[in-house]
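Just below is one structure, and these are the notes that go with it.
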Number of protein chains: 2
Amino acid sequence: MGTGLDLPLDEVLLGDCIATLKRLPPASVHMIFADPPYNLQLKGELRRPDDSLVDGVDDAWDQFASFAAYDAFTREWMTECRRVLRKDGTMWVIGSYHNVFRLGAAMQDLGYWILNDVVWRKANPMPNFRGRRFTNAHETMIWAAHGPDSRYRFNYAAMKSLNDDLQMRSDWYFPLCTGGERLRGEDGAKLHPTQKPEALLHRVLLACTMPGEVVLDPFSGTGTTAAAAKRLGRRYIGIERDPLYKVASEKRLEGVEPMDEGAALSLPSKREQPRIAFGVLVERGLVPAGSTLVDRNRRWRATVGADATLRCGAAVGSIHKVGAALQAAPSCNGWTFWHIETRDGRLRLIDEFRQEIAAQGG
Amino acid sequence: MGTGLDLPLDEVLLGDCIATLKRLPPASVHMIFADPPYNLQLKGELRRPDDSLVDGVDDAWDQFASFAAYDAFTREWMTECRRVLRKDGTMWVIGSYHNVFRLGAAMQDLGYWILNDVVWRKANPMPNFRGRRFTNAHETMIWAAHGPDSRYRFNYAAMKSLNDDLQMRSDWYFPLCTGGERLRGEDGAKLHPTQKPEALLHRVLLACTMPGEVVLDPFSGTGTTAAAAKRLGRRYIGIERDPLYKVASEKRLEGVEPMDEGAALSLPSKREQPRIAFGVLVERGLVPAGSTLVDRNRRWRATVGADATLRCGAAVGSIHKVGAALQAAPSCNGWTFWHIETRDGRLRLIDEFRQEIAAQGG
DNA sequence: CGGCAATTTGAATCCGGAT
DNA sequence: GATCCGGATTCAAATTGCC
C-alpha cells in the first residue's frame, strides 16, 4: 500500500479507539459497525417497584461532561472511521435517544450519506418502572455510505429472502441478548451492560458484506460483531480498550464455528448474475433471425435481425430501445416486454428462454 | 399577563411560523406538536417498476440551501416554541432520517429534555422501487419536556388502557392517512403532500394533555393537530403560512364534532398479528445456516443458507418455492413440508418452531 | 347492490458494469 | 473520472371498474 500501515485481520486490538484507528491503513475495510458509549447522564440510582436496584449503565467509559465533549469525541472517531472505510463501504452506528441525534448529525456533517435509519424493536424491553414515560422499546441504527455518490453494497435479494420474499423493512424485531448467548462472569453477573444479540449483527452483515470481506468494530466490547462475522465467513477487526472484554471476546470467538462457504454466500441478485445478451438467443436459433416478436397485447409486431436488432416500422435497435420507442416510454425492459408466438398460437416471453440458458450455466 | 400579548384560541393563524410565534405570550401552551419541513433533497424523478411516476415532495417550502441553513431555521422556531411552552409542557417533533438527527440535536442544545423517541411504524409504506435500500417504513417522533427538572404531564393509565392494559411502548403502528380522511382538491389530487393520520395525533394528545388545555402546531398544514384537539376537547392554535391550507383546515374543522368526555379512553387499539418469516428461525439459530432440512419421507434433503434460502440441487429459493419445485407442484407450504432431524433421529416440523416464537409474541 | 378484479398511490435523499 | 446504455425494480390498502 505504501502507507507503512498493516491491516491486522481476525484480531481484537487492545487500545484506545481513536489512537488504534489511526494505525489502520486508509480505505481498507468494507463495513464498520459501531456501538459507541451512550452518554446516559443518569443522575441517580433507579429502583424497581419492589425496591430492587436496576443495574444501569454507569461505567466510567460512559461518562461525558457535556454534549460538546461527546460531540468532539464522536467526530474524532467517525473521522478516522471514514478514512479507514473503503469508498464503496458502509457504516452502521447504533444508539438510543440519549445519543443517536448527536451521532446522526455528526455523520451528516462529516460527509457520510445516510441510507436508512433502522429501528431495532425489542421483544422484551425493560418496562418503565416509574410509569412516567413510554416503555423504551427500541434502539436506532443509522446505515450510511461513504458519501452521496458512493457505489455501496446492498444484498437486496438476501434481505428479501430472509423476509419471506417481501422487501425487508426498516423496523426489525429481535429479543434482547439473554440466556446462553449472554456472557457472564464467574459470579453469574452479566459481563457487559449492553451486549447486542448476534441475530442483529447476522442481518446487518448479511445485508452489506460478502464472504471474505473485512468488518471493523471500533467499540468491540464482548465481540458480538466479530462472532457474527466469523460465523458468516467474514474477516473481522475489533478494537477494545478494556483488557477484560478483549480476553472474554477472544475466548468467545474460539467457540465460534464458521458455517459452510455455500451457506454463508447469499442469493445473488439478478443484476449480479452473468449477463446473457439477446444475441445469444438469435445465434442459438431459439429466436431465429427473421422471426416476429409481439408484445403482450399483440399491439406491436417487430422483426428480428441477424444482428439481434429489432425493426418495427421506423424504430430500429435493441429489444429495449424499440420497446421504449413504441410505448413512448423513457425506458423498457425488452426481456419482459417481447414475446414469440408458438405454433399453437400461445405467447412465450423471451425472458423464459434467457432463464433456460442461465439455468444451463450460460 | 402583563406582556401585552394575547393568546388566540381555536384559530389557525395565517403567517410565517417564527414571526407569528413571537407574537404569542410566554409560557402559555401545554403542548406543542411540530411537523417541520424534512429537507428531503430529492434529485431526479423516480419511477415505479411499472414506469408510473412517483409524486414526490418537491414543494418550495422543503428546500434548504444547506444543513447549516436548515439548522438555523430549526433553532429559531424551536427557541420561540420553548418560550411559548409552559414550564410543565411538552413538545413533540416528527421527522425522518433526513432531518430528525438535526432536530434532536437542536432540541438538546436548546435545553429541552428528551423523554422518549417514539417510532411511527407505517402499515402501508411506499416500497423501495429500485431495491437499493430497506423499505423506509417508519418515521420518528421526539417527545421532550421544557427542561431536565420539569414536571410534565404523562397520562400513564390512559396509555396503558389504550394498549390492552400493557405499558404503551415506544413503537406505534398506524396506517398512512388515506381514504376519506385525506383532504383532496377538486381534481381529486391530495391537497397536502404529507398529511398525518389523525389517529397518531389522537394518541399523542391523549398521552400529554387534559381536556381544555392548549395545543400549538407551528406547521399546521391541513390542520390534523387542530382536528384531533377539537375532537378530544382540547383548545388549539395553528400557525400556517399558506392561505390555501389555512382555508382548507378551517373548513375541515367545521366538520369535526367534539366527542363525549371519557369516550376517548374506550377507543380500541389496533393490534397487528405477528407474521414470522423463516429467516427469523435462521437468524436466531433455531434452524442454523448450513443445516439440512428433509421432507416427511426423507425423499429430499435441502441445505439452509444464511439468507434463509433453501438449496437442493439446482433448486434455490424460499422454503415454499423449493418445496414446490421438487414436487413439481404449483405451490407448497414450506412450513408443513420441511423438517429438521434431531440428534436422536426424529423429525421435527419447522412449523413447530414458528409456533413457539409466535407464542412468545414474535 | 354485491362481489371480485384491476388500478392507483404513498415524506423517496432509489443503478451499475463496461468502455 | 465521465459516459453509455442494458435492464432491474413494488407492498399494502383504498378506490374504481366490471359483471
Side-chain angles (χ1 to χ4, degrees), chain A residues 87-88 108 112-117 144-145 147-154 156-157 160 163-170 269-279 308 317-321 323-324 330-338 350-351 354, chain B residues 35-59 61-64 67 94-100 120 122-140 174-182 184 188-190 192-197 221 272 275:
Chain A
K87 300 293 177 243
D88 58 356
Q108 291 179 315
Y112 287 100
W113 190 247
I114 298 181
L115 300 167
N116 277 114
D117 60 333
D149 301 314
S150 304
R151 296 191 172 186
Y152 58 92
R153 166 168 290 279
F154 177 55
Y156 176 76
K160 192 169 174 174
N163 194 39
D164 261 2
D165 287 333
L166 289 178
Q167 281 195 345
M168 185 69 79
R169 295 170 41 119
S170 57
S269 66
K270 241 181 180 175
R271 58 167 71 98
E272 284 167 325
Q273 289 162 2
R275 178 179 293 184
I276 290 158
F278 179 60
S318 70
I319 51 174
H320 317 292
K321 281 271 160 64
S331 69
C332 167
N333 184 344
W335 289 108
T336 54
F337 179 76
W338 293 110
I350 58 172
D351 195 47
R354 181 173 63 154
Chain B
D35 182 11
Y38 281 17
N39 188 24
L40 237 37
Q41 307 174 61
L42 305 179
K43 284 170 192 164
E45 63 175 30
L46 178 64
R47 287 179 180 274
R48 299 187 177 82
D50 65 3
D51 258 337
S52 64
L53 195 61
V54 173
D55 182 17
V57 178
D58 56 357
D59 306 69
W61 49 256
D62 200 47
Q63 312 292 327
F64 291 83
F67 282 132
I94 185 168
S96 67
Y97 68 84
H98 308 83
N99 70 327
V100 77
W120 168 29
K122 301 179 182 181
N124 47 346
M126 187 162 76
N128 185 288
F129 296 117
R130 302 305 292 266
R132 293 298 300 150
R133 304 180 179 199
F134 299 100
T135 305
N136 196 3
H138 75 276
E139 293 188 29
T140 301
F174 288 110
L176 298 176
C177 178
T178 57
E181 188 187 327
R182 186 96 199 208
R184 295 181 184 281
K190 61 188 175 193
H192 192 282
T194 69
Q195 185 180 341
K196 297 290 176 289
E272 42 161 344
R275 199 183 55 79

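All chains are named by letter (A, B, ...) in the order of the sequence lines, taking the proteins before the strands, and each is independently numbered beginning at 1. Everything numeric here is computed off the predicted structure, so don't read it as measured data.
Residue contacts for A:Ser331: at a heavy-atom cut-off of 4.0 Å it reaches a base atom on one of the strands shown. The residue B:Gly180 sits close only to the backbone: its heavy atoms come under 4.0 Å of sugar-phosphate atoms, none of a base. Nucleic acid contact class of B:Pro36 (heavy atoms, under 4.0 Å, all strands): base. Within the 4.0 angstrom heavy-atom criterion, no nucleotide atom of any strand lies near B:Lys43. Base engagement by B:Gly44 is indicated by at least one non-hydrogen atom pair under 4.0 Å involving a base atom. Heavy atoms of B:Gly56 sit under 4.0 angstrom from at least one base atom. The residue A:Pro148 sits apart from the nucleic acid: no heavy atom pair falls under 4.0 Å. Among the heavy atoms of the strands lying under 4.0 Å from B:Thr194 is at least one base atom, whether or not backbone atoms are also near. Within 4.0 Å of B:Asn136, counting heavy atoms only, lie sugar-phosphate atoms of the nucleic acid but no base atom. Across all strands shown, B:Lys196 has heavy atoms under 4.0 Å from base atoms, whether or not it also approaches the sugar-phosphate. Counting non-hydrogen atoms under 4.0 angstrom, A:Arg153 reaches nothing in the nucleic acid. When heavy atoms are screened at a 4.0 angstrom cut-off, A:Asp351 is found touching no nucleic acid atom at all. Nucleic acid contact class of A:Ile319 (heavy atoms, under 4.0 Å, all strands): none.
Of the C1' atoms belonging to C:dG10 and D:dA8, the separation is 22 Å, rounded to the nearest Å.
Below the 3.5 angstrom threshold, one finds no donor paired with an acceptor across the side chain of B:Lys122 and the base of D:dA13. A donor-acceptor contact under 3.5 Å is formed by the side chain of B:Asp35 with the base of C:dA11. The base of D:dT9 has none of its N or O atoms less than 3.5 Å from a complementary donor or acceptor on the side chain of A:Arg271.
Across all strands shown, D:dC18 is found opposite C:dG3 as a Watson-Crick or G-U wobble partner, with both distances under 3.5 Å. A 3.5 Å limit on both hydrogen-bonding distances identifies no Watson-Crick or G-U partner for C:dA12. For D:dT10, there is no paired nucleotide, since no Watson-Crick or G-U wobble pair has both relevant distances below 3.5 Å.
Residues A:His320 and A:Ser318 have side chains that never bring a donor and an acceptor to within less than 3.5 angstrom of each other.
OP1 or OP2 of D:dA8 lies within a sub-4.0 Å distance of a side-chain N or O belonging to A:Arg354. Listed pair A:Asn333 / D:dA8 meets the phosphate criterion, a side-chain N or O lying under 4.0 Å from OP1 or OP2.
For the pair B:Arg132 and B:Pro37, both in contact range of DNA chain C, the more 5′-proximal nearest nucleotide belongs to B:Pro37. Mapping A:Leu166 and B:Arg47 onto DNA chain D via the closest heavy atom, the residue that lands nearer the 5' end is B:Arg47. A residue-by-residue look at B:Thr135 and A:Arg151 shows that A:Arg151 has its nearest nucleotide of DNA chain D further toward the 5' end.
Here A:Trp113 packs flat against the base of C:dT13; its ring centre is closer than 5.5 angstrom to the base's six-membered ring, tilted by less than 30 degrees.
Regarding B:Leu42, its CG atom lies at a distance of 14 Å from the P atom of C:dG10, rounded to whole Å.
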Please list each protein N or O that sits under 3.5 Å from an N or O in nucleotides 3-8 of chain C, with the distance.
none

